[in-house]
Amino acid sequence: MTYTILQKKIEDIIINDSKVLQCSSNQLKKLQGDSFSNISRHGKYCFLQTNQDYFLILHFGMTGNVKYYKNGSDPKHASLIVLFSNGYKFAFINVRKLGKIFFSQDKNQFIKKMGLGSDAFSLSKNEFIKMLQYKKGIIKSTLMDQKTIAGIGNIYSDEILYHSSIHPKRKTGDFSKHELSSIYKNMQKIFQVAIDIKVQLDHFPDYYLINRRKPAMKCGLCKGTIERKKINGRSCYFCNKHQK
DNA sequence: CCCCATGTTGTAGG
DNA sequence: TCCTACAACATGGG
């Protein structure tokens, strides 16, 4: 039971980059002497709960990561390091500094304050349909809107629509419940695969879009070709043949 | 070297 | 309301 940050006494918190801090350093000091008791997630936010029911909350941005280690030097770009009494350290690595660190005493209140929708992997099919069926904009934007559903980002929204044979610019409000149900099922399937492979992106099956995110690449599902379009300021990849 | 891309989000302006 | 552009930032590929 050494290789977990749970139930280890927190000796100190080192802040190397205060710009990513969305709370005061005094709030982080409250964690000293306590230990983490539970880890959970809502959308793209990771909640580290302590025995006093405080929450250290991490958002990873595009390049956020964590490392639990004992020997050797601290990783590059470690925005924050938690020192434990067993000599281990826990680093929040944040290369592009797009990640953020929060503190809260109430997880649900935090979720509400951030305006997050239900977690994409937890919500039911009926709830999914209810949230989407009357939305205005295009389906890719809707899927990525954290206030509607929390947790879907750029590559996963593309992957879901690719598996659902749906063009990313179709209007969300135009879909039948049956089509929304199909999107939901593909979302669940893709998330489960991601979990199964521990989110090592190069372990996704070859035919997945994630392996084909380059213009002019061949589609993995039909004879089509992959195209790129800017949507929401992000690169959207899709098949020009089977996504209608 | 430059230019462009990249698992994100908030804001400004049309 | 919704879409676009852009800023924040570091790194790697061509």
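Quick note on labels: first sequence line is chain A, next is B, and so on, each numbered from 1.
- Looking at the side chain of A:Tyr237, the nearest of the listed nucleotides B:dA5, C:dA10, B:dT8 is B:dA5.
- Side-chain proximity of A:Lys19 to the nucleotides C:dC3, C:dC9, C:dT11 is greatest for C:dC9.
- Partner assigned to C:dC9 is none, using Watson-Crick or G-U wobble distances below 3.5 angstrom.
- At whole-Å resolution of the value, CG in A:Asp158 and C1' in B:dT8 are 14 Å apart.
- As a whole-Å value, the separation of A:Lys230 NZ from C:dT4 C1' is 12 Å.
- Contact annotation for A:Ile138: backbone-only contact, meaning every heavy-atom pair under 4.0 Å involves sugar-phosphate atoms and none involves a base.
- Closest to the A:Arg96 side chain, of the nucleotides C:dT11, B:dG7, C:dA8, is C:dA8.
- Rounded to whole angstrom, the span from the CZ atom of A:Phe60 across to the C1' atom of B:dG7 amounts to 12 Å.
- Between A:Lys136 atom NZ and C:dC2 atom P the separation is 8 Å, expressed in whole Å.
- In the model, A:Thr142 has no side-chain atom that pairs as donor or acceptor with a side-chain atom of A:Lys135 under 3.5 Å.
- Among the nucleotides C:dC3, C:dT11, B:dT6, the one closest to any side-chain atom of A:Ser235 is B:dT6.
- Summarising the geometry, the separation between NE2 on A:His59 and C1' on B:dG7 is reported as 10 Å, rounded to the nearest angstrom.
- Figure legend. B:dG7 is base-paired to no nucleotide; pairs are counted as Watson-Crick or G-U wobble with both atom distances under 3.5 Å.
- Counting non-hydrogen atoms of other residues, nucleotides and ligands closer than 6.0 Å to CD of A:Gln52 gives a total above 12.
- Ring orientation note: the planes of A:Phe204 and A:Tyr208 are close to parallel, at an angle under 30° on the 30°/60° scale.
- In this structure, NE2 on A:His59 lies 4.5 Å from OH on A:Tyr45, to the nearest 0.5 angstrom.
- In this structure, A:Arg228 places its CZ atom 7 Å from C1' of B:dA5, rounding to the nearest Å.
- In this structure, A:Ile155 places its CD1 atom 5 Å from C1' of B:dG7, rounding to the nearest Å.
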